[in-house]
Amino acid sequence: MTDASEHAIVVGASLAGLRGAESLRRAGFTGRITLVGSEAHAPYDRPPLSKHVLMGHVPADATTLPNLHPLDAEWRLGVAARSLNRRDRILTLADGETLAYDRLLIATGARARPWPDTAQARFAGVHTLRDRDDATALHRDLAARPGHVLVIGGGFIGCEVAAACRALDLPVTLVEPGPTPLARVLGEHLGAVVGALHAGIGVTVRSHTRVEALYNDGTGRVVRARLDNGSSIAASVVVVALGAVRNTEWLDASGLAFDEGGVDCDAAGYVLDTEGRPDRRIAAAGDVARFPHPLYGGRRVALEHWGHAVAQGEHAGRLLAEAEPGEPYAELPAFWSSQGGITIKSVGLTEGADGLVIAQGDPKAGRFLAVYGREGRCIAAVSFDCARWLPAYAERIAAGASFPPPAGASDSGALTILPPSFPAEPR
Amino acid sequence: MLQDRPEPAGSVPTDESPRAAPPLRVSVDLNRCQAYAQCCYAAPGHFVLQGREALYYDPAPSAADRLVVERARIACPVQAIHVESPGTDRR
Ligand SMILES: Cc1cc2nc3c(=O)[nH]c(=O)nc-3n(C[C@H](O)[C@H](O)[C@H](O)COP(=O)(O)OP(=O)(O)OC[C@H]3O[C@@H](n4cnc5c(N)ncnc54)[C@H](O)[C@@H]3O)c2cc1C
Ligand code: SF4
């Protein structure tokens with residue numbers, strides 16, 4: 001057990017940090033808790049930022065997260081952690097303040113990967129979307145009814161932004177270097193369904209295409225993009241949606257193992273040093289944590305899922321409060337996305353799948369559930385407006401049940417195994 | 001589906017006096033949510049199902065609506081709705 005004289009510091013005051021701090025308290029931690037967050041805002045929810053906030057239904061500053069357990073914490077908001085000295089157990093903040101810790105939770109999440117050309121990235125009208133201020137700025141530009149919006153990157157954020165533009169009746173082009181939107185996560189087979197969904201709501205989808213450069217009108221406002229096929233398209237608002245980079249730079253002098261893909265953890269959630277040894281005073285959770293997932297043969301993964309930030313934050317709180325003896329974190333990955341009125345939900349990890357079956361419904365009808373398999377086991381399930389079936393398949397995945405699953409009650413005959421078709425080079 | 005999008009009451013900023021109680025804080029675990037729509041019947045102004053499964057909720061309802069929002073939270077069969085409980089220290 002920890003004692004009341006201890007000081008726990010949570011670095012990163014967002015979803016994983018808040019749920020982690022609450023979990024420390026729930027697990028009986030009675031010492032001081034300090035949350036350090038580089039954003040000036042109290043912890044807030046991000047998923048609405050790419051959906052209802054852009055559509056103008058929810059103000060960007062309305063998504064402050066509810067506290068779910070009394071925290072009795074001290075807060076340092078608007079100031080980033082700058083460096084970590086593990087030998088003396090000191091955290092230094094950007095304003096020079098030093099804080100001594102007994103327990104530390106690393107929950108610094110990720111940021112949007114910027115457009116690689118820094119001068120072009122600064123053009124007015126060029127956006128990324130990660131935080132509340134980004135959403136405010138993008139919503140303002142969209143509300144001004146730009147002539148044409150260009151979304152660069154067909155991942156979840158890019159797809160949701162494109163769909164939000166259509167809900168606002170704005171012309172939008174989605175440019176994606178892969179074969180279809182979401183091909184990296186869902187494979188080309190379901191990616192094609194997503195592409196058709198977007199085409200159906202009026203998004204111009206340009207697959208197998210890269211944006212090479214952005215141009216401004218001479219006053220610094222973006223007007224046009226050049227594509228790798230030599231053509232160019234007009235765009236007065238550009239949304240760069242090229243994925244995320246983990247916020248790990250502040251760990252530079254810490255001796256911990258990290259890179260822009262995350263900070264390495266052991267199966268319990270303790271961070272590892274560069275020699276691979278766990279530091280039992282420090283855990284990591286949420287987007288920033290890269291950990292071996294027991295359901296996937298111990299492969300190290302860093303997830304960018306809301307439910308994972310909650311579950312791993314809660315796990316890390318219990319771990320640091322010494323309420324549980326270092327049990328491995330084994331939560332089944334799960335996420336949702338809504339775009340163009342369709343809700344996509346997933347459990348498990350599709351990566352490495354060698355087969356796919358449509359286990360319920362029919363993609364042509366817009367409602368179906370697909371199960372992904374690898375080496376004869378179910379590893380993931382993805383539903384399109386078919387979420388009620390998902391828990392049953394989540395159980396099969398958690399149990400490592402055989403793939404393909406039996407045909408659904410309403411279907412006749414055996415299921416056809418299709419290739420999921422993931423693009424060859426990971427991007 | 002994209003047209004006639006219902007606007008939940010309370011998502012529109014109102015001209016409450018600055019001394020009015022701060023809004024409630026609501027979040028929904030949309031992984032858990034099974035689109036049963038019980039919350040939409042319990043608090044129709046604050047929870048709306050768009051399309052078949054997309055739940056749209058007001059994350060900051062007025063404090064005056066606490067009872068009806070609590071009713072929605074309790075009605076949810078999978079306990080996906082979180083409402084800040086009174087007495088938690090606010091930030
Ligand atoms: C627009 C958007 C839409 C999304 N939609 C969905 C969705 O529909 N479904 C889903 O499952 N997931 C979604 N996600 C993902 C989900 O929001 C994230 O997985 C979740 O926010 C991760 O929480 P976190 O606390 O780990 O990290 P973050 O939320 O990134 O928080 C990290 C915090 O740490 C702060 N920080 C960084 N460096 C420092 C430092 N050195 N010192 C102090 N503080 C620091 C950051 O400013 C930030 O506030 C979405 C994400 C975004 C951005
Ligand atoms: S009652 Fe619960 S499950 Fe049903 S729509 Fe509301 S939040 Fe979702």
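On a predicted model such as this, the values are computed, not experimentally measured, just so you know. Numbered from 1 within each chain, the chains take letters A, B, ... in sequence-line order.
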Working note: A:Leu35 + A:Trp75, criterion side chain to side chain contact (heavy atoms under 4.5 Å, CB included); need CA distance, chi angles, decisive distance, verdict. CA-CA 5 Å; A:Leu35 287 102; A:Trp75 297 78; 3.9 Å; yes
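- The minimum heavy-atom distance linking A:Ala330 with A:Leu295 is given by the pair O-CD1, 4.3 Å.
- Ranking B:Glu53, B:Gln34, B:His82, B:Arg32 against chain A, the residue ahead of the rest is B:Glu53, based on heavy-atom pairs under 4.5 Å.
- Looking at A:His41 and A:Asp61, their side chains never bring a donor and an acceptor atom within 3.5 Å of each other.
- Considering only residues two or more places apart in sequence or on other chains, A:His308 meets the ring-ring contact (aromatic ring centres under 6.0 Å, His included) condition with A:Phe291, A:Tyr329.
- For the set A:His305, A:Glu22, A:Lys51, A:Arg367, the count of heavy-atom pairs under 4.5 angstrom toward chain B peaks at A:Arg367.
- Among the candidates A:Pro391, A:Pro47, A:Ala62, A:Gly307, the residue making the largest number of heavy-atom pairs closer than 4.5 Å to chain B is A:Ala62.
- Note on A:Ala13, A:Ser338, A:Cys386: by heavy-atom pairs under 4.5 Å with chain B, the leading option is A:Cys386.
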